[in-house]
Amino acid sequence: MKMNLKNKIVCIVMAVLLFGLSVFAIARPKDEYSDTERRLLSQMPAVTVKSVMNGTFMTEFEDYTLDQFPHREAFRTLKALVVKYVFNNSQNNDIYIHDGYYAAQQYPLNTQSIDHVAKVFNSVCDRYFAEGDYNLYFSVIPDKGYFLQEQAKQLPLDYETLVDSLRAQVPQLSYIDIFDTLQLTNFYKTDTHWRQETLTDCADMLLSAMNAKNDVQYIEKELSVPFYGVYYGQAALPAQPEQIRYLDADLFAEVTVYDHENRKQIGVYDLQKANGKDPYEFFLSGPLSLITIENPDASTDRELFLFRDSFGSSIAPLFIGSYSKITLMDIRYLQSAMLGNFVDFTEGSDILFLYSSMILNDGTTLK
Amino acid sequence: MLFSSIPFLYYFLPCVLLLYAIAPKRLKNTVLMLTSLVFYGWGEPKYVILMVATIAIGYVTGLLIEKWIDTKPRLAKLMLIVSVAFCLGFLGYFKYANFFVENFVALTGLSVKALNVALPIGISFYTFQILSYSVDVYRKDVPAQKNPVNLAAYIAMFPQLIAGPIVRYSDIAEQLVNRTHTWDKTAAGIRRFILGLAKKVLLANILGEVCDAFKASDDKSVLFFWLYAVCYMLHVYFDFSGYSDMAIGLGHLFGFRFVENFNYPYIAASVTEFWRRWHISLGSWFRDYVYIPLGGNRVGKLRHCFNIFVVWMLTGFWHGADWTFIVWGIYFAILLMIEKFFLLKYLKKTKIVNHIYVLLFVLFSFVIFNASDMGEAVQYLGGLFGIGGYPLVSESFFWYLRNYLPILLVGCVGATPAIKTACNKLHENKTADRVLNVMEPLVLIALLLTVTAFLVDGSYNPFLYFRF
């Protein structure tokens, strides 16, 4: 091929690519939401003298061009494939995959975060449980990394130190160890969360440590919607959808579940949410700051106050048979200092702080 | 606006190319000037005024210098002083005022309010260009530019505005009024630009991730220090030379030929040679406008040492207003003096030791260069030799080595002319030449799409020159 012809081809091909993508980027209809990343996409910012002069327009415009780039998902997948197969890097966007399981590296241990969490737990206990008779417990839910990090050759989070550090700082709480009741298969492959249908042993361990009994018979059911977890979107690599299975019981039809945040009655399971952006919100309608579950058929008048994160949504239904009332509080969304305005902590109740290691290691969100 | 960004690649650049292509010849510099001001204003809207003022001063003083140089030499000299004073004044205030105030406070203990002056991007590059223009006109090396648009297009030209190379007016004065646009030049520009873009996004940025992770890590070890130092050495090379490649490539697209800025510096056999291959435009600028006017090497030994010391201290200080940069410059001054008066003759006799010596001492220099302060520089240099109680290895070292080894190897090979030499050899073979010719557009497409993918995913994309 003559040099001149080759140079012409290079110029024409690259011009077509550059101008083609440019025109496509400008002209294409804009997306509002990314299903895989579960977030709203940036839109064209308004041009004002102020926003141009202080640079916010430029920053927002850059976000907009990234979010609205044509075939964005395909480009994200291309990057993930290059990182994985060309650069041989085990992580893309901090997500690694081993044996089909997607996980985020939690390393290193954030001691400041653990200290903060301990401070919040102690402050809650001092404020609400210093006087009166309460049974105080805490437990740590390991994330998938606990089971994967060694075989996937990832930098290890020191779970032992995490737990020991927390135990040492919250002596008034009795620790319930559930690590041995869990294994990798208790978790969704592409999501952070655990699978409810596999949690009966774990729930029994927690209940037994709190001297509660559970003899509810469950029926395992399956949702028909395909489930892609949160790591699927972050990793940007192709994956098979999973199915959400759940444990149902006749008892669940009898209980009253109340969402105090939106002041309405909800169900133990929310089929509408199952078809929404995050099907995991099927369990107790997802991230709500304050929920109460009342069981009129309970053979006891014991109450459980559960300080929890999103993992609590799926395990809490398995506690229903053991208590007359369960109050779920998410102090990421509700200031713990304000809880007294909304919750009446009945004396003699069980108090359980149940948090995943991910939240504890990034616990600045706890208020 | 960064070259390695979606707004530049798919919004700004196509618009500029289109406007430039349809503009008649006499308006092409106007298009370049206006689009360059938009480019600059995108990142620093308020500092466009500063840049325009600096250009105006350079333009007016240039004309007056030329007018009076033969008839009223004193006034011509005064105009030169005015131009130099304004350029250095702006540079001194915006870049160094904070540094001087902080050090004054530290030295005297007096309570002086911090100025907190923001540094306009690219000020070190464009003030140096105006300085060289004024000096060249004063020396009668070039005629003053009569057309303000042409001068503004030269100084503000966006391809070289924020990260160099420092293009001398004398090198492109002719091209400003008379330049050609050919398929060959355009294709060469595209090739060079995409190669630079890939160096920046696919090599420099990824190696930079290791450097940032190391700095944040509590799991440092001796070998992790070495891994960091090697990664930073490659990171800064691919970042800076990638930017220069993009600038030179863009220059080609607009019909210009800019000076080369990097020539495989890590294959140098001495530190003296390293500086002939690293940031060539800056080295030659200081040589021509500081070192030679000070007397260069045509002076006594002591004065020669002083000249080297001053030039390299200023070179270091040019890179940033911090003691680490000054020490970095002095470090090279000392090495260059040692080589000049003693070591060079021995280095010429070796074939491997000299390269190891250069790589090691350049590596140490970049540890100082990238340190946040001198305390960290000393800590990191000590860490390389196990001082500070660090273990030999750590889990983090193994993790980063395992996950970044391929990119590290590509970086090591890419920092040498091996790939270029191999391609040139292959072109000598007819069949291989045909294959390479067919492959070239495909490789360019693959590189552009891959870079786009990394940018779209919002990857790590630092800009190193905000302190320059």
Side-chain angles (χ1 to χ4, degrees), chain A residues 1-15 17-19 21-26 52-55 57-58 61-67 69-83 86-93 96 105 107-109 153-156 236, chain B residues 1-2 5-7 9-11 13-15 17-18 41-46 182-191 193-194 202 206 209 216-219 395-396 398-400 402-407 410 433-434 437-438 440-442 444-445 448-450 452-459:
Chain A
M1 194 189 302
K2 282 183 182 173
M3 187 60 82
N4 193 258
L5 177 63
K6 184 183 84 171
N7 286 339
K8 278 184 183 171
I9 291 172
V10 166
C11 292
I12 292 165
V13 166
M14 296 314 291
L17 184 62
L18 189 74
F19 283 94
L21 277 172
S22 174
V23 169
F24 196 11
I26 293 165
V52 170
M53 290 312 290
N54 65 21
F57 171 78
M58 289 77 160
F61 181 79
E62 175 142 10
D63 293 342
Y64 157 77
T65 61
L66 295 180
D67 277 2
F69 200 78
H71 298 296
R72 182 169 171 274
E73 287 305 323
F75 276 108
R76 292 186 66 239
T77 301
L78 171 64
K79 185 225 168 187
L81 292 170
V82 170
V83 167
V86 180
F87 297 162
N88 199 32
N89 194 321
S90 61
Q91 288 189 11
N92 180 43
N93 296 335
Y96 62 91
Q105 185 170 279
Y107 176 91
L109 180 65
K153 294 181 180 167
Q154 296 301 314
L155 286 171
Chain B
M1 198 184 309
L2 304 182
S5 69
I6 294 295
L9 288 173
Y10 293 103
Y11 289 79
L13 187 58
C15 290
L17 288 173
L18 199 64
W42 186 264
E44 306 273 347
K46 59 187 174 191
T182 63
W183 288 104
D184 291 352
K185 206 192 255 186
T186 307
I190 290 169
R191 249 178 244 126
F193 179 77
I194 291 177
L202 304 180
I206 293 172
E209 288 173 10
S217 174
D218 290 328
D219 191 29
E395 280 182 291
S396 295
F398 285 118
W399 192 88
Y400 281 100
R402 201 167 43 240
N403 283 280
Y404 288 86
L405 189 59
I407 213 82
V410 171
D433 180 55
R434 272 188 202 148
N437 284 337
V438 172
E440 188 187 309
L442 299 175
L444 291 174
I445 290 170
L448 182 62
L449 291 178
T450 307
T452 303
F454 273 71
L455 295 176
V456 165
D457 201 36
S459 302

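Letters A, B, ... mirror the listed sequences (proteins, then strands); counts begin at 1.
- Using a 4.5 Å cut-off between heavy atoms, A:E73 does not touch chain B at all.
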Exercise for the section: Please lay out, stage by stage, how A:H71 and A:L21 fare under the test side-chain contact (heavy atoms from CB on, under 4.5 Å). Expected result: CA-CA 10 Å; A:H71 298 296; A:L21 277 172; 5.9 Å; no
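- For A:F87, the parts lying near chain B are the backbone and the side chain together; criterion is any non-hydrogen pair under 4.5 Å.
- Checked against the 6.0 Å centroid criterion, the rings of B:Y11 and B:W42 do not qualify as a close aromatic pair.
- Under 3.5 Å, the side chains of B:E395 and A:Y107 contain no donor-acceptor pair of N or O atoms.
- Among B:T182, B:I445, B:I194, B:T186, the residue making the largest number of heavy-atom pairs under 4.5 Å with chain A is B:I445.
- Here NZ of A:K6 is found 14.0 Å from CZ of B:R434. Values are rounded to the nearest 0.5 Å.
- Between chain A and the options B:P441, B:G189, B:P406, the largest number of non-hydrogen pairs under 4.5 Å is found for B:P406.
- Per-residue counts of heavy-atom pairs under 4.5 Å with chain B were compared for A:A15, A:P156, A:G55, A:A236; the largest is that of A:P156.
- Separation of atoms SG (A:C11) and NZ (B:K185) is listed at 12.5 Å; rounding is to 0.5 Å.
- Only the side chain of A:N92 has a heavy atom closer than 4.5 Å to any heavy atom of chain B.
- Between the CG atom of A:L17 and the CG atom of B:L449 there is a distance of 5.0 Å, given to the nearest 0.5 Å.
- In this structure, the portions of A:M53 lying under 4.5 Å from any heavy atom of chain B include both its backbone and its side chain.
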Problem - side-chain hydrogen bond (donor to acceptor under 3.5 Å, both in side chains) between B:T452 and B:Y10, intermediate numbers included - result: CA-CA 10 Å; B:T452 303; B:Y10 293 103; 2.7 Å; yes
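- Contact annotation for B:F398: neither backbone nor side-chain heavy atoms come within less than 4.5 Å of a heavy atom of chain A.
- Contacts of A:F24 with chain B are absent, with no heavy-atom separation under 4.5 Å from either backbone or side chain.
- With a 4.5 Å cut-off on non-hydrogen atoms, B:L448 touches chain A through its side chain but not through its backbone.
- The CG atom of A:L81 lies 10.5 Å from the OG1 atom of B:T450; values are rounded to the nearest 0.5 Å.
- Contacts between B:E440 and chain A at a heavy-atom distance below 4.5 Å involve the side chain alone, from C-beta outward.
- Ranked by heavy-atom pairs under 4.5 Å with chain A, the list B:I407, B:L17, B:L405 is led by B:I407.
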